[in-house]
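Below: one structure, written as structure tokens.
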Number of protein chains: 2
Amino acid sequence: MKIDPESNADLSAQIAQAIRDAIVSGDMIVDERLPSESELADQFGVSRSTVREALKRLAAQSLIRTQRGAFGGAFVNRLCYHDAYGQHITTSTLLLSMNDVRFETACEARYAMERACAPLAAQRRTPRHLSMIRKEIERQADAALSDEDFCASDVALHRALVDAAGNPVLSYQLAGAVEAMQPLMNMITFTARSRGEIVRLHSALLEALADRHAGRADTALHALESYTMTLGRDVLAARARRTGAP
Amino acid sequence: MKIDPESNADLSAQIAQAIRDAIVSGDMIVDERLPSESELADQFGVSRSTVREALKRLAAQSLIRTQRGAFGGAFVNRLCYHDAYGQHITTSTLLLSMNDVRFETACEARYAMERACAPLAAQRRTPRHLSMIRKEIERQADAALSDEDFCASDVALHRALVDAAGNPVLSYQLAGAVEAMQPLMNMITFTARSRGEIVRLHSALLEALADRHAGRADTALHALESYTMTLGRDVLAARARRTGAP
DNA sequence: TACATTTAATTGTCTGACAATTTAAGTGCA
DNA sequence: TGCACTTAAATTGTCAGACAATTAAATGTA
């Protein structure tokens, strides 16, 4: 592991990249111990503070973990699904909120990916998945539910659909898309009428899964997408009217 | 922004979390300048080095950027698609390589997501997308191509398919899945015969997109998936035979 | 005005110190 | 011997202070 003395990037960034490369390439394996901070400082010819900044960068990406005390140190971390979820959700949420992504674009992406799960979910769903979805539908039928809780329940329902596909990689990939949509969804004010329609569409999805009918699940998701789009467009139009003619 | 004196987590981690929360919640907006390191040190009641470690954590997640000199400092960074791609690919690649994900699981997830793009791609593909895909197919037909280059070309082709859907959020989400699969795909030794079959299937996909025929694109992707799975299973079986009876 | 110089603010890096934590090794005692 | 306790050593976490490097604004000058 070497750094380029010609580069004008921060030393701590270069060192972090060198170690990151070693981990990603498989040169360093899971649970392998890195040299101590002092040793790394000697190896790279920098001070300990610079090494520490590099290690903190890696820790922020869950690439290493540190342990104090004798025989402690920094170890290559096994990236678990849970940590990866967290990273993905944070990144996706910020990406959407900072880049003026249109509601339609995010919505389209989300439902496209969920439809990818539908055939697998119809085939592999267990009674537990069905009951989780049913529970959320019942919550959503409760008129006392706040808009935020309604959206949270919506996320939980879609999360259950994704998990029903029984593919952890798919769950991980879609978690970002579904969770990151929540702030955009929260902007929709759900009327009693629209809630009723959504519950109806969710129920159709549930029945399709219960019957292991992939085609009807796909249709239900298409209907949900187009109805959600309509709601979103109405909100945006109303907002435009307010700001356009105040 | 405050930190919990009761917590036993590292101060730099707590400070990073406090600032991260402020950014994600929208309390701090894009391009807003953070207080200088010295000011943050005073505010949180810690040393400057501790603050610096916190800031490096945030920089590693592309949440802030720093600039030296007068009127420099740390600024909330606009997370662009490019940076988000990078993060997502790194995370996905490590997740797959560190968690003994089965080839079938990753393959299934990848093709499920690609099929989600197919209808949109069939509808929106431009001549440029078609020619990109055609170019890769021509490369793949070249018998002199190394296995690694063949895989890279495969990734480029699938990337073009995803981009043809014309939805940047979808492209971002799928980039991780497709790129992260490459190391697993590289393990397949492509015989001349299997390459021919893949080229044939890719061509079928291309024709379907050219004809704006979503159904045939879906079918082609299904066929590709099942053929890829077969190849993967053969490699794994051969490997098991070698190690099982040496 | 246009250009060069100075100045002040800020991050980047280094040094050295001490605190906190954790494990291994040693020590004493029953 | 076996066990509880102490000690030592290694390592990360935190702090304080210094100086270098960089940058934009302010200032001076022709």
Side-chain angles (χ1 to χ4, degrees), chain A residues 1-20 22-23 28 31-77, chain B residues 1-20 23 28 31-78:
Chain A
M1 284 193 302
K2 284 283 149 44
I3 57 178
D4 174 18
E6 299 297 306
S7 165
N8 54 356
D10 291 356
L11 290 176
S12 69
Q14 291 183 60
I15 292 170
Q17 191 58 51
I19 300 177
R20 188 180 297 118
I23 295 175
M28 303 204 64
D31 292 334
E32 185 173 341
R33 183 179 178 280
L34 278 72
S36 74
E37 294 175 353
S38 311
E39 286 172 315
L40 286 171
D42 288 346
Q43 283 181 28
F44 286 110
V46 301
S47 72
R48 204 186 133 207
S49 4
T50 303
V51 167
R52 280 184 63 80
E53 289 176 10
L55 294 181
K56 295 313 158 204
R57 291 178 191 263
L58 300 174
Q61 295 180 300
S62 306
L63 292 182
I64 62 170
R65 61 176 188 279
T66 54
Q67 209 174 352
R68 297 222 275 200
F71 295 76
F75 299 83
V76 177
N77 193 41
Chain B
M1 283 194 302
K2 284 282 147 44
I3 56 178
D4 174 17
E6 299 297 306
S7 165
N8 54 357
D10 292 357
L11 289 176
S12 70
Q14 291 183 61
I15 293 170
Q17 192 57 50
I19 300 176
R20 188 179 298 119
I23 295 175
M28 303 204 65
D31 292 334
E32 185 173 342
R33 184 181 177 280
L34 277 72
S36 74
E37 294 175 354
S38 312
E39 285 172 312
L40 285 171
D42 287 347
Q43 283 182 29
F44 286 110
V46 301
S47 71
R48 204 186 134 209
S49 355
T50 302
V51 167
R52 280 184 63 78
E53 288 175 11
L55 294 181
K56 295 313 157 206
R57 291 178 191 262
L58 299 174
Q61 295 180 299
S62 306
L63 292 182
I64 62 170
R65 62 176 186 280
T66 54
Q67 209 175 352
R68 297 222 273 198
F71 295 74
F75 298 83
V76 177
N77 193 42
R78 178 183 301 279

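So that the names make sense, note that chain A is the first sequence line, chain B the second, and so on, each numbered from 1. Note: hydrogens, waters and symmetry copies are ignored here, and every other heavy atom, side chains too, is used.
- Rounded to whole angstrom, the span from the CD atom of Gln67(A) across to the P atom of dA9(D) amounts to 21 Å.
- Nearest to the side chain of Ala70(B), among dT23(D), dC15(D), dC14(C), sits dT23(D).
- Protein atom CD of Gln14(B) is 12 Å distant from nucleotide atom C1' of dG13(D), rounded to whole Å.
- Nearest to the side-chain atoms of Phe71(A) among the listed nucleotides dT11(C), dT23(C), dA16(D) stands dT23(C).
- Counting only N and O atoms by type, the side chains of Arg20(A) and Gln61(A) include a donor and acceptor under 3.5 Å apart.
- In this entry the distance linking CD1 of Ile3(A) with P of dT13(C) reads 9 Å, nearest Å.
- If you check dC14(C), dG13(D), dT11(C) against the side chain of Glu37(A), the one that comes closest is dG13(D).
- Looking at Arg65(B) and Asp31(B), a side-chain N of the basic residue comes within less than 4.0 Å of a carboxylate O on the acidic one, giving a salt bridge.
- Note on Arg52(A): a side-chain N or O is less than 4.0 Å away from OP1 or OP2 of dG13(D).
- Between Ala13(A) and Glu39(B), the residue anchored nearer the 5' end of DNA chain C, judged by the nucleotide with its closest heavy atom, is Glu39(B).
- Taking atom CZ of residue Phe75(B) and atom P of nucleotide dT23(D), one finds them 13 Å apart after rounding to whole Å.
- Residue Arg48(A) places its side chain closer to dA17(C) than to any other of dA17(C), dA9(C), dC14(C).
- Counting only heavy atoms from C-beta on, Ser12(A) has its side chain closest to dT13(C) among dC14(C), dT23(C), dT13(C).
- In this structure, Glu39(A) contributes its side chain and Ser36(A) its backbone to a donor-acceptor pair below 3.5 Å.
- For Lys56(A) and dT12(D), the shortest distance from a side-chain N or O to OP1 or OP2 is not below 4.0 Å.
- The CG atom of Asp10(A) sits 18 Å away from the P atom of dT10(C) (whole-angstrom rounding).
- Within the 4.0 Å cut-off from OP1 or OP2 of dA9(C), not a single side-chain nitrogen or oxygen of Ser36(B) is found.
- Closest to the side chain of Ser49(B), out of dA16(D), dT14(D), dC14(C), is dA16(D).
- Contact check for Leu63(B) versus Asn77(B): no side-chain heavy atoms found under the 4.5 Å cut-off.
- In this structure, the CG atom of Leu11(A) is 12 Å from the P atom of dA21(D), given to the nearest Å.
- Distances shorter than 4.0 Å separate some side-chain N or O of Arg33(A) from OP1 or OP2 on dT11(D).
- In this structure, Leu55(B) places its CG atom 10 Å from C1' of dT11(C), rounding to the nearest Å.
- Side-chain N or O atoms of Glu37(B) include none that pairs as donor or acceptor with a backbone N or O of Val51(B) at under 3.5 Å.
- Following rounding to the nearest Å, Phe44(A) (CZ) and dG12(C) (P) show an atom-to-atom distance of 19 Å.
- An OP1 or OP2 oxygen of dG13(D) is reached within less than 4.0 angstrom by a side-chain nitrogen or oxygen of Thr66(A).
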